*Asks:* 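Here it is, the structure, as structure tokens.
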Amino acid sequence: MTGLAAELSALAKAAFAAEGLPEALGQVQASDRPDLAQFQCNGALPAAKLAKTNPRVLAERIAARLKAQAIFARVEIAGPGFINLDVTDGALAERVGRAPETGAPGTAKTLVIDFGGPNIAKPMHVGHLRSAIIGDCLQRLFRANGWQVTSDVHLGDWGLQMGQLISEIEHRGTAPVYFDAAFKGPYPEQSPVTMEDLEDLYPAASAACKADPARLEEARRATAELQAGRPGYRALWRHFFAVSERGLVREYGSLGVTFDLWKGEASVDPLIPPLIHDLTARGLAVESDGALIVAVAEPGDKKEVPPLILVKSDGAVNYATTDLATIVDRVAEQDPDLILYIVDQRQHLHFEQVFRAARKAGINGKAVLEHDGFGTMNGTDGKPFKTREGGVMKLYDLIAMATAEADKRLAEQGLANEYPPEERADIARKVGIAALKFADLSNYRLTDYVFDLERFTRFEGKTGPYLQYAAVRIQSILRKAREEGYMAAAPVVRSAAERALVLQLLALPEAMDAAEDKRAPNVLCEYVFELAQKFSRFYAEHHILSKSDAELRAARIGLCGITLATLTRVLGLLGIEIPARM
RNA sequence: GAUCCCGUAGCUCAGCCGGAUAGAGCACCUGCCUUCUAAGCAGGGGGUCGCAGGUUCGAAUCCUGCCGGGGUCGCCA
């Protein structure tokens, strides 16, 4: 995407090149000092360093060339050699009136994005929230920026927790047929467990294994047998999978999060034996303490990097192995340029090991492998977020809480109370989700953040609900304009408030590029909040639906329309829906 | 012990591939609703950017050391 800053950069780069200076120094950005200028170029300072001359002299030469360009209303040198730039109002108005450019489909790169990572049989909890929200935002952003994107939920469905569940069921004796080695099948079509059963089974199994080493041993053996293909266990596993998937689709659905693929660790099971064979044959995988490992330490390492464990000493594989096999699968299926893993930062070392092993074995094709971690969500006490009872809060309950809080806020604000109950409930749901998402995304990905629902759901300040309301207000103005039969026209730029709003609208491509480069949704949050603020100022200073001046009115309606479209677009990238009215 | 992340206004956080007076939201103070939903708008007070060195014309930003908080460090995910 190319925006106004990119357009100005091209002009400045040409000027630098014409002066025999490095073109890259012509980078133009929105000014740090909006009181002094709209845009700035700092390139004369490093250029002077290189050429060992006076930066102001160089800046003068660049400025002289830029002054010849009609787009600039003002070109000035300030301080040690900053080049300050203002664009003409005509140029601003002309560009903001154009349809926004979207991506560059011809040069589409391919991305596989791995996020979500819920475990089968375990209810989704707050720990899954960040991966879902951040991952979903990034998949939307990369698509908008022209990438060919495939998202994969990558279920946790092949590890020890499966063995734990299986052995727990064996102990309870509720489904003996699956454990009868003499049974020849077919196994029942009806699942022996419901979603509720699973939610009860897993904590019990987990606790039993923690308390009793013998039970843990059983679970390990069951895991290994499942992976080795024992029919009864596989049949049981298929039931777990089917029951869980229904629940997971519903939960992600309630967040507005979707995936192209519902693959998981188990889906690459057939790829594991050949992978192990290949790595062993090439001497990359070696036996150590009864396990099969791949050494991934590298000479320049500052830290100790433990080897990747390909096959455990009990014969089972763990998620390092399935992650490697998943790379093989993705290279075969999508052959991506990039694979992003949106997973808790605490797993960083794990991914470092997997990536090194993949590169060492050359199985990653042309794909760059990148782990983009995130911090934890803490309670107001600064410790990881828990329920009042100290347990893990289920995602379902969290969403219900947010919706209830949103409903309370609507009531306090006197909003939506005369609407039909279904619409009112739908608005509360959208506002609740927006509160959760915006709060999460507006913090920098890697930092931990404090979960404070009371603060997140406020209609005042930097919140999701505030932004939704801002958009709804513009929708309301435009609706009224339609009712009055008022026409929209291309915007004009005359006042400071209009100028600031238009500059912000034109800065969208830079925000989207920066967010992509840094894989940082908070850049988009910052952008959209500033956009809403600049609209507010415009709105406060100018009456839009003027009765007397049709031309002015049409231009302002036009500007409202473009602002709404941009607001809607960016909130859409954040996964936030805008109610029709509030 | 090693390594990674974090430490910025009373609170919650941006900014961090060096650049002009360090920003936002909340809270606090002063103005502004007989016109499009007062969601706010205009303005004000409030900061040794954890500490100490270093590099640089210039450091919140880069380097080194230290202090404080959190994570991770071979058969869980």
Side-chain angles (χ1 to χ4, degrees), chain A residues 31-33 35-36 40 42 45-46 48-49 55 78-82 84 117 119 122 156 158-161 164 206 209 216 219-220 223 265 288-293 301-314 316-320 343-350 352-353 373 375-376 378 380 382-384 413-415 439 442-444 446-450 452 455-456 458-463 465-474 476-481 484 497 522-523 525-526 529-530 532-533 536-547 556 560 581-582:
Chain A
S31 178
D32 295 332
R33 294 284 307 273
D35 54 319
L36 299 180
Q40 62 182 341
N42 296 348
L45 287 99
K49 203 171 208 168
F82 302 109
N84 284 335
N119 291 306
K122 287 195 225 174
W158 209 228
L160 182 62
Q161 78 273 21
Q164 289 177 316
S206 175
C209 290
L216 182 61
R220 286 189 198 286
T223 307
E265 297 164 348
S288 167
D289 294 338
L292 198 59
I293 65 165
D301 285 343
K302 288 170 74 180
K303 62 193 171 195
E304 216 175 297
V305 182
L308 178 143
I309 295 184
L310 200 62
V311 183
K312 296 191 285 176
S313 49
D314 63 10
V317 297
N318 55 27
Y319 78 141
V343 182
D344 194 309
Q345 180 64 15
R346 284 176 293 196
Q347 295 191 31
H348 194 72
L349 180 60
H350 158 72
E352 185 64 42
Q353 292 175 285
T376 58
N378 293 334
T380 39
K383 298 201 187 120
Q413 213 68 32
L415 291 172
S442 58
N443 286 286
Y444 180 65
L446 280 169
T447 58
D448 298 343
Y449 76 100
V450 175
D452 183 349
R455 189 158 54 81
F456 296 171
R458 289 213 271 245
F459 280 85
E460 306 83 35
K462 204 169 182 174
T463 69
Y466 160 79
L467 292 164
Q468 286 176 310
Y469 193 50
V472 163
R473 290 284 297 272
I474 302 175
S476 169
I477 294 168
L478 294 175
R479 190 181 305 121
K480 194 157 284 183
E484 298 287 337
N522 68 304
V523 172
C525 293
E526 201 67 37
F529 181 69
E530 275 178 37
Q533 280 185 315
S536 283
R537 181 177 162 206
F538 163 73
Y539 174 84
E541 286 183 20
H542 304 296
H543 190 78
I544 293 154
L545 301 180
S546 156
K547 290 202 180 2
R556 286 182 177 159
C560 285
R581 57 178 189 166
M582 283 167 83

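Chain naming here is simple, since letters A, B, ... match the order of the sequence lines and numbering starts at 1 in each. Here the structure is a predicted model, which means the values were calculated and not measured.
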*Asks:* Give the nucleotide from the list B:C26, B:U37, B:A20 with an atom nearest to the side chain of A:Y469.
*Replies:* B:U37

*Asks:* Write down the distance separating the C1' atoms in B:A22 and B:A59, rounded off to the nearest Å.
*Replies:* 12 Å

*Asks:* Wobble G-U and Watson-Crick pairs count when both distances are under 3.5 Å; given that, what is the 5' to 3' dot-bracket string of RNA chain B, with | for pairing to other strands?
*Replies:* (((((((..((((.....[...)))).(((((.......))))).....(((((..]....))))))))))))....

*Asks:* Just checking A:E304: does its CD atom have more than 12 heavy atoms from other residues, nucleotides or ligands closer to it than 6.0 angstrom?
*Replies:* no

*Asks:* Check step by step if side chain to side chain contact (heavy atoms under 4.5 Å, CB included) holds for A:V317 and A:K312.
*Replies:* CA-CA 6 Å; A:V317 297; A:K312 296 191 285 176; over 6 Å; no

*Asks:* Using a 4.0 Å heavy-atom cut-off across all strands, classify A:L467 as base, sugar-phosphate, or nothing.
*Replies:* nothing

*Asks:* Using side-chain heavy atoms (C-beta onward) and a distance below 4.5 Å, is A:D289 in contact with A:S313?
*Replies:* no

*Asks:* Tell me the interatomic distance from A:K302, atom NZ, to B:C63, atom P, rounded to whole angstroms.
*Replies:* 9 Å

*Asks:* B:A27 P sits how many Å from A:E460 CD, rounded?
*Replies:* 7 Å

*Asks:* Ignoring hydrogens and geometry beyond distance, is the side chain of A:N84 in donor-acceptor contact with the base of B:A20 at under 3.5 Å?
*Replies:* yes

*Asks:* Starting from the C-alpha separation in whole Å, work towards a yes-or-no answer on ring pair (Phe, Tyr, Trp, His ring centres under 6.0 Å) for A:Y449 and A:Y444.
*Replies:* CA-CA 9 Å; A:Y449 76 100; A:Y444 180 65; over 10 Å; no

*Asks:* Tell me whether the OP1 or OP2 atom of B:C36 has a side-chain N or O from A:K547 closer than 4.0 Å.
*Replies:* no

*Asks:* Just call it for A:Q468: base, sugar-phosphate, or nothing, with non-hydrogen atoms closer than 4.0 Å on any strand.
*Replies:* nothing

*Asks:* Is there a stack between A:H348 and B:C4, judged by ring centres under 5.5 Å and planes under 30°?
*Replies:* no

*Asks:* Ignoring hydrogens and geometry, is there a side-chain-to-backbone donor-acceptor pair from A:T223 to A:A219 under 3.5 Å?
*Replies:* yes

*Asks:* Are A:R537 and A:E541 ion-paired here, with the side-chain N under 4.0 Å from a carboxylate O?
*Replies:* yes

*Asks:* Scan nucleotides 41-43 of chain B against the protein and return all N/O pairs shorter than 3.5 Å with their distances rounded to 0.1 Å.
*Replies:*
none

*Asks:* Please report the distance, rounded to the nearest Å, between NZ in A:K480 and P in B:U35.
*Replies:* 12 Å

*Asks:* My understanding is that only residues two or more places apart in sequence, or in another chain, count here; which of them pass ring pair (Phe, Tyr, Trp, His ring centres under 6.0 Å) with A:F456?
*Replies:* A:F451

*Asks:* A:L415 has an atom CG; how far is it from atom P of B:A38, in whole Å?
*Replies:* 11 Å

*Asks:* Would you mind reading off the distance between A:H543 atom NE2 and B:U35 atom P, rounded to a whole angstrom?
*Replies:* 10 Å

*Asks:* Between B:U64 and B:C28, how many Å separate the two P atoms, rounded to a whole number?
*Replies:* 44 Å

*Asks:* List for me each residue that meets ring pair (Phe, Tyr, Trp, His ring centres under 6.0 Å) alongside A:Y539, sequence neighbours excluded, and say none if there are none.
*Replies:* none

*Asks:* Kindly write out the residues that satisfy side-chain contact (heavy atoms from CB on, under 4.5 Å) with A:E530, not counting sequence neighbours, or none if the list is empty.
*Replies:* A:Q504, A:E526, A:Q533, A:K534

*Asks:* Could you work out the separation of B:A14 and B:C26 based on their C1' atoms and round it to a whole Å?
*Replies:* 14 Å

*Asks:* What distance, rounded to whole Å, do you find between the two C1' atoms, one in B:C66 and one in B:G58?
*Replies:* 26 Å

*Asks:* Test of understanding: with salt bridge (Lys or Arg N to Asp or Glu O under 4.0 Å), list the residues that count as partners of A:E460, not counting sequence neighbours.
*Replies:* none

*Asks:* Quick one: what's the B/S/- string for nucleotides 72-77 of chain B, heavy-atom cutoff under 4.0 Å, read 5' to 3'?
*Replies:* SSBBSB

*Asks:* On a whole-Å scale, what distance lies between the P atoms belonging to B:A27 and B:G40?
*Replies:* 9 Å

*Asks:* How would you label the glycosidic angle of B:C6: syn (within 90° of 0) or anti?
*Replies:* anti

*Asks:* Under 3.5 Å, which protein N or O atoms sit close to an N or O of nucleotides 9-19 of chain B? Give each pair with its distance.
*Replies:*
unit_1 : atom_1 : unit_2 : atom_2 : d
B:U12  : O2'    : A:R455 : NH1    : 3.1
B:U12  : O2'    : A:R455 : NH2    : 2.9
B:C13  : OP1    : A:V450 : N      : 3.1
B:C13  : O3'    : A:N443 : OD1    : 3.1
B:A14  : OP1    : A:Y444 : N      : 2.7
B:A14  : OP1    : A:T447 : OG1    : 2.8
B:A14  : O3'    : A:N522 : ND2    : 3.3
B:A14  : O2'    : A:E526 : OE1    : 3.3
B:C16  : OP2    : A:K518 : NZ     : 3.4

*Asks:* I'd like the C1' distance from B:G68 over to B:G50, given in whole Å.
*Replies:* 8 Å

*Asks:* Quick one: side-chain contact (heavy atoms from CB on, under 4.5 Å) partners of A:P80, sequence neighbours excluded?
*Replies:* A:L45, A:F82

*Asks:* List for me each residue that meets ring pair (Phe, Tyr, Trp, His ring centres under 6.0 Å) alongside A:H542, sequence neighbours excluded, and say none if there are none.
*Replies:* A:F538

*Asks:* Using atom C1' in both nucleotides, what's the gap between B:G23 and B:U8 to the nearest angstrom?
*Replies:* 10 Å

*Asks:* Tell me whether A:T463 contacts the main-chain N or O of A:F459 through its side chain, where contact means a donor paired with an acceptor under 3.5 Å.
*Replies:* no

*Asks:* What integer number of Å spans the C1' atoms of B:U61 and B:A20?
*Replies:* 15 Å

*Asks:* With sequence neighbours excluded, what pairs up with A:R346 under the side-chain contact (heavy atoms from CB on, under 4.5 Å) test?
*Replies:* A:D344, A:T376

*Asks:* Would you mind reading off the distance between A:E530 atom CD and B:A24 atom C1', rounded to a whole angstrom?
*Replies:* 8 Å

*Asks:* With sequence neighbours left out, write down each residue that passes side-chain contact (heavy atoms from CB on, under 4.5 Å) with A:D301, or none if nothing qualifies.
*Replies:* A:A297, A:E298, A:V305, A:R356

*Asks:* By the 4.0 Å heavy-atom rule, please label A:R581 as base, sugar-phosphate, or nothing.
*Replies:* nothing

